[in-house]
Amino acid sequence: AAMRGLAASLGLTEERVRFTGYLPQKDLWQACLGCHMAIIPQQPGVAYFSPIKFTESLALGLPLIITPLPVFAQRSHLAQVAEDCSPQGIAAAIGALAASPEKAEALRNQGLAASGEGTWQARARRIMDFAASLA
């Protein structure tokens with residue numbers, strides 16, 4: 001609600017900023033067509049976060065903006081990290097990334113490369129390598 005209010009106060013219409021809430025997996029690709037970046041505004045104290053959303057955003061080639069939380073720590077180099085979890089902090093991170101097309105392109109390329117480790121094939125390979133190491 002706070003992010004919606006901030007967007008409205010800035011005059012940002014649904015054409016520029018879409019708040020989708022929950023999306024079924026089958027609808028993700030269509031919802032992201034034409035987007036220039038993805039934002040995961042995870043908040044402290046929320047009990048669960050599906051890391052697949054991070055990987056999906058990378059695989060879609062979307063530069064990613066995240067909040068500075070431990071759940072993202074190991075992969076924060078693949079995203080623009082907001083200063084804090086507030087709507088203003090997230091908005092500032094969006095503005096900073098929008099003002100730096102070079103950084104957005106670098107994050108896009110790094111994300112696409114890193115997303116290959118999130119495929120089922122890559123996961124199966126890691127499981128098989130682990131199983132082989134036990135013999």
### Query
Quick one: CD on Gln88 to OG on Ser86, what's the gap to the nearest 0.5 Å?
4.5 Å
### Task
List for me each residue that meets side-chain contact (heavy atoms from CB on, under 4.5 Å) alongside Leu112, sequence neighbours excluded, and say none if there are none.
Arg108
### Of all pairs that satisfy side chain to side chain donor-acceptor pair (under 3.5 Å), the ones with a partner from residues 27-41, not counting sequence neighbours
none
### For Glu83, salt bridge (Lys or Arg N to Asp or Glu O under 4.0 Å) partners two or more places apart
none
### Summary
Shortest non-hydrogen pair, Ala82 vs Gly89, comes out as CB-O, 3.7 Å
### Message
Just verifying a value: how many Å separate Gln110 CD and Ser115 OG, rounded to the nearest 0.5 Å?
### Response
12.0 Å
Identify every side-chain donor-acceptor pair in residues 120-131 under 3.5 Å, counting partners at least two apart or on other chains, and give the distances.
unit_1	atom_1	unit_2	atom_2	d
Arg126	NH1	Glu117	O	2.9
Arg126	NH1	Glu117	OE1	3.2
Arg126	NH2	Glu117	O	3.2

### Task
Would you give the length of the straight line joining atom CG of Leu10 to atom CG of Leu6, rounded to the nearest 0.5 angstrom?
4.5 Å
### Residue pairs involving residues 92-101 (criterion salt bridge (charged side-chain N to carboxylate O under 4.0 Å, His left out); sequence neighbours excluded)
none
### Gap separating the CG atom of Leu107 from the OG atom of Ser57, nearest 0.5 angstrom
12.5 Å
Distance-only check: which donor-acceptor pairs under 3.5 Å involve side-chain atoms of residues 61-79, not counting sequence neighbours?
unit_1	atom_1	unit_2	atom_2	d
Thr67	OG1	Gln42	O	2.6
Arg75	NH1	Thr55	OG1	3.0
Ser76	OG	Ala73	O	3.3

## Note on the structure
Residue set satisfying side-chain contact (heavy atoms from CB on, under 4.5 Å) with Arg4, at least two apart, ordered chain then number -> Phe19
#### Entry: Where at least one partner belongs to residues 56-66, residue pairs that pass salt bridge (charged side-chain N to carboxylate O under 4.0 Å, His left out), sequence neighbours excluded
Lys53-Glu56
### Query
Can you name the nearest heavy-atom pair linking Leu60 to Cys32, along with the distance?
CD1-SG, 3.7 Å
### Task
Can you sort out the partners of Gln80 under side chain to side chain donor-acceptor pair (under 3.5 Å), two or more places apart, ordered by chain and number?
Lys103
